[in-house]
Amino acid sequence: MEITEFVETLRLDGGLLADAAEEAGPEAPIPACPEWRMRDLVLHTGRVHRWATGFVTDPRDQPYPLPEAPELADDELAPWLREGHHQLVLALHTAPRDLATWTIRPASSPLAFWARRQAHETSVHRADAQQAAGVPLTPLPAPFAADGIDELVTGFHTHERSRLRPETPRTVRLRATDTPGAEWTMHLTPDAPPRTERTAASDAPGGEAVDTTVEGPAETLYLAVWNRLPWDGLTVSGDPSLPALWQERGGL
């Protein structure tokens, strides 16, 4: 996906997140994060947006901590969220393509990294806010959803902190059925983070055997692996224990 596509998705989802926050109210519980209320979600997302903006507008070669959460009245939460979101979108839209700044992981460019990461950060939390408000989830384009699965399984879950570790080694294939080439094979072991390969050609004769295959539309798979939707909208074949393992240990 192009940087401009990520920024546009970020722009749309940030506005929808703020709309849902206003509709639900600050004390609405967040279904995917039982310890959070809407106030916590808004403060987290607003802080992350401002933190990311700093790397784009004030490039640096080292990380720095998230800003402190401000003391805000209930009616100040959504405007504060909108302001930080607007500044992030503006920063990414106007940043030079050769931006040199710190990133969490290697990427094709720092600008591409921050646009992608903040688009998915915001989309996942927009889903949180809409679920808390009891409104329908806004559909996501399949290529964007597939990209978010890729970011999760080839990025976050290759880190040492990943808890996605079964008691015995397992091999899992994830496949987005509506997105050509959106397929990943994850090798799970008890003692190391998952090792993930993009395996778009694995349907060919002689492809690697796996213990579990999980497939479904990209958006459904995206929200399931981010633990925002149950796995019953997906087709699971082979060892059926993966959904429970993922729901228990796949959180970030």
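Quick caveat, the model's predicted, so the values are computed rather than measured.
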side-chain contact (heavy atoms from CB on, under 4.5 Å) partners for [X], two or more places apart:
X: A132; answer: A28, I30, P31, M38
X: T57; answer: T53, A91
X: Q62; answer: none
X: L66; answer: R47, V48, W51

Suppose the criterion is side chain to side chain donor-acceptor pair (under 3.5 Å): which pairs have a residue in [range], not counting sequence neighbours?
range: residues 225-234; result: D128-R228
range: residues 1-19; result: E8-R11, D13-S123, D13-R126, D19-R82
range: residues 30-42; result: R39-D74
range: residues 95-105; result: none

Pairwise ring pair (Phe, Tyr, Trp, His ring centres under 6.0 Å) hits with a residue in residues 74-93, at least two apart =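 Counting only pairs at least two positions apart or across chains, the ring pair (Phe, Tyr, Trp, His ring centres under 6.0 Å) contacts touching residues 74-93 are H49-H85.
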message = Quick test of your reading: applying ring pair (Phe, Tyr, Trp, His ring centres under 6.0 Å), list the pairs with at least one residue in residues 158-177, sequence neighbours left out, ordered by first then second residue.
response =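 Every candidate ring pair (Phe, Tyr, Trp, His ring centres under 6.0 Å) pair involving residues 158-177 fails, so no pair, neighbours aside, qualifies.
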task = Check salt bridge (Lys or Arg N to Asp or Glu O under 4.0 Å) between E248 and all other residues, then give those that pass, not counting sequence neighbours.
result =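 If we apply the salt bridge (Lys or Arg N to Asp or Glu O under 4.0 Å) test to E248, skipping adjacent residues, there are no hits.
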query = Quick one: side-chain hydrogen bond (donor to acceptor under 3.5 Å, both in side chains) partners of E68, sequence neighbours excluded?
reply =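 Checked E68 against side-chain hydrogen bond (donor to acceptor under 3.5 Å, both in side chains); zero matches.
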ask   = Do we see a donor-acceptor contact under 3.5 Å between the side chains of T189 and D191?
value =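 D191 and T189 do not have a side-chain donor-acceptor pair below 3.5 Å.
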